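In what follows, chains carry the letters A, B, and so on, assigned in the order in which the sequence lines appear, proteins first and then strands, with residues in each chain numbered from 1. As the structure is a prediction and not an experimental result, all values here were calculated from the model. Note: hydrogens, waters and symmetry copies are ignored here, and every other heavy atom, side chains too, is used.
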Number of protein chains: 2
Amino acid sequence: MSSRQPAKPRARRNTSEVRPYHHGDLRRVLIDAALQLAAEGAEISVREAARRAAVSPGAPFRHFPNRAALMAAVAGEAQRRFRAEIEVALDQAPAADPFGRFRAFGLAYLRWAMRNPAHFEIISTGRYFAHGSSAELTRDNAELIALTEGILTEAAKQGLLRSADLKRIQIAGRALVYGFARMNLDGHFPRWGVEAGEIERMAEGVIDLFIAGIAKP
Amino acid sequence: MSSRQPAKPRARRNTSEVRPYHHGDLRRVLIDAALQLAAEGAEISVREAARRAAVSPGAPFRHFPNRAALMAAVAGEAQRRFRAEIEVALDQAPAADPFGRFRAFGLAYLRWAMRNPAHFEIISTGRYFAHGSSAELTRDNAELIALTEGILTEAAKQGLLRSADLKRIQIAGRALVYGFARMNLDGHFPRWGVEAGEIERMAEGVIDLFIAGIAKP
DNA sequence: ACGGAATGTAATCGATGATTACATAGAAGA
DNA sequence: TCTTCTATGTAATCATCGATTACATTCCGT
């Protein structure tokens, strides 16, 4: 959450604390408000975002043609944060150890998804904005996928894999990780979800199980 | 507000084709209408369901306290169909072959999910009705989970598994299958989705990969 | 047959996404 | 500096939706 800068009282009238007619960067503020809305578990509504930006209900439509476009922008921002965190984790895993990298990737992925469930859902579903409406999002996602492809290719090159069908392994890996994230999101971990650490530990175990499954014995 | 066309002369009594004041089984008809709405890719709205049932907008609320309750009922019905199909598939797999049963289960699961994406989403998300509001759904789901537990337990008893951590295997298996279904649902299979058979074949491959991964070498 | 309980209708409310006409400010060019 | 163009915000308005309330109609048990 970066601090924004209205910072321009633009003292027109004698009443102090007058918000200038033109908002500093309304687009940005609306996206942040929407992200916060989601994080609070509330529905994202254009009006509520406008309300939080202290702006009229019609103002957002100067920056987004419709609600879906706002959602796409929100998804883009969330995805940026998501990807940044994953890349940090990957930077700390040696490139020569594909399984270690896969593990780091999966763990970072799942940790972020479990700590930012609402944002993860917005990213991953495409239900809120017309599908493929955000080129940035699509590209970003493709790069993430390419990352995992690279990891698997390296593993194959080192002869660590039991099967040669990389595509199948990759889809399975994505399905496993994505599925775990969504199970958490969709409430498939009923009770023991109270202790979040328990789920994160389970995530770790599931990832390790997968790696053991694809590794050459 | 009055610009809305009434459009319905409200056929008088003397005409044939008179719907009686009391609908036969409105509750049922509303659920079916909602299911069809979902299958058409449209949002489920109480009003639209009422419209399709040729009934006033307030009528549904005699049968469901709110929209979420309708959605829960819809989910219950969809889950019933889902489960029925899975049990048929399981009945054709010999009980003594746990892997075969797992495979049959996964395939039936994924085929239904891919052929009824909207219904599957309603079942699996709990976003549309307050979570756990449908006892039937929860129970049904628990039974499905118990089924997979039984399969794994049998596999362990026969000494087919490489790891003894059944819970971990089970979570991983669920995550894998659920994740694959949701990837399809959430548009993660971009283009080659045109040929649906391709995805089903991939689902098969992923399941087999998983089985090979947990099987004792 | 009667009267209460179910069930449907009509009217209405508040919230939402969206559009339109208008107001204001910031900046570019004379 | 002054003028004007354009980006951006406001106000008013619509249609749709979920939900509630008062009333109407039918069903069913006594």
Side-chain angles (χ1 to χ4, degrees), chain A residues 4-13 15 18-31 33-34 37-38 40 42-74 127-130 133, chain B residues 1-14 18-31 33-34 37-38 40 42-74 122 127-130 133:
Chain A
R4 60 181 195 282
Q5 286 287 15
K8 288 192 287 186
R10 189 60 73 187
R12 266 189 86 266
R13 290 183 241 156
T15 74
V18 181
R19 188 176 49 75
Y21 188 91
H22 279 88
H23 204 291
D25 184 358
L26 183 53
R27 181 187 162 88
R28 177 85 220 162
V29 173
L30 286 171
I31 293 176
L37 234 11
E40 290 166 11
E43 287 268 315
I44 294 184
S45 89
V46 178
R47 290 180 102 95
E48 180 60 24
R51 220 169 277 133
R52 299 213 175 180
V55 103
S56 80
F61 292 94
R62 290 290 177 195
H63 298 269
F64 307 97
N66 49 41
R67 189 190 114 108
L70 169 59
M71 295 302 298
V74 169
R127 181 182 302 110
Y128 308 105
F129 44 96
S133 80
Chain B
M1 75 196 210
S2 55
S3 68
R4 190 89 185 120
Q5 48 170 354
K8 262 225 158 177
R10 207 73 182 105
R12 300 303 306 165
R13 285 306 148 93
N14 47 8
V18 181
R19 187 173 48 74
Y21 188 93
H22 279 90
H23 204 291
D25 184 357
L26 183 53
R27 182 187 161 88
R28 179 82 220 163
V29 173
L30 287 171
I31 293 176
L37 235 10
E40 290 166 9
E43 287 269 315
I44 295 184
S45 88
V46 178
R47 291 180 102 95
E48 181 61 25
R51 221 168 277 135
R52 299 212 174 180
V55 102
S56 79
F61 292 94
R62 289 289 176 198
H63 298 270
F64 307 97
N66 50 41
R67 190 191 113 108
L70 169 59
M71 295 302 300
V74 169
I122 294 173
R127 182 182 302 110
Y128 308 104
F129 45 97
S133 79

Q: How would you label the contact of A:R67 with the nucleic acid (heavy atoms, under 4.0 Å): base, sugar-phosphate, or nothing?
A: sugar-phosphate
Q: Starting at atom CG of B:L37, determine the distance to atom P of D:dG18, rounded to an integer number of angstrom.
A: 10 Å
Q: Would you mind reading off the distance between A:E48 atom CD and C:dT16 atom P, rounded to a whole angstrom?
A: 7 Å
Q: For a quick test of reading the model: is some side-chain N or O of B:H63 closer than 4.0 Å to OP1 or OP2 of C:dG8?
A: yes
Q: Give the nucleotide from the list C:dG8, D:dT10, D:dC17 with an atom nearest to the side chain of B:V55.
A: C:dG8
Q: Expressed as a whole number of angstroms, how long is the span from B:F61:CZ to C:dA10:C1'?
A: 15 Å
Q: Can you name the closest pair of heavy atoms from B:A50 and B:P57 and give their distance?
A: CB-CA, 4.2 Å
Q: Rounded to whole Å, how long is the line connecting atom CG of B:L26 with atom C1' of C:dT7?
A: 9 Å
Q: Considering heavy-atom distances to DNA chain C, does A:R62 or A:S45 have its closest nucleotide positioned more toward the 5' end?
A: A:S45
Q: Could you tell me which non-hydrogen atom of B:S45 sits nearest to which non-hydrogen atom of B:E48, and how far apart they are?
A: OG-N, 2.9 Å
Q: Rounded to the nearest angstrom, tell me the gap between atom CZ in A:R27 and atom P in D:dT8.
A: 11 Å
Q: So, the side chain of A:R67 versus the backbone of A:I44: is there a donor-acceptor pair under 3.5 Å, distance only?
A: yes
Q: Mind checking whether A:R62 and A:L26 have side chains closer than 4.5 Å, heavy atoms only?
A: no
Q: How long is the line joining CG of B:N66 and P of D:dC17, in whole Å?
A: 17 Å
Q: D:dC17, OP1 or OP2 - any side-chain N/O from B:R51 closer than 4.0 Å?
A: yes
Q: Please give, in whole Å, the distance from D:dG9 P to A:F64 CZ?
A: 11 Å
Q: Calculate the interatomic distance between B:R47 atom CZ and C:dA11 atom P; express it in whole Å.
A: 13 Å
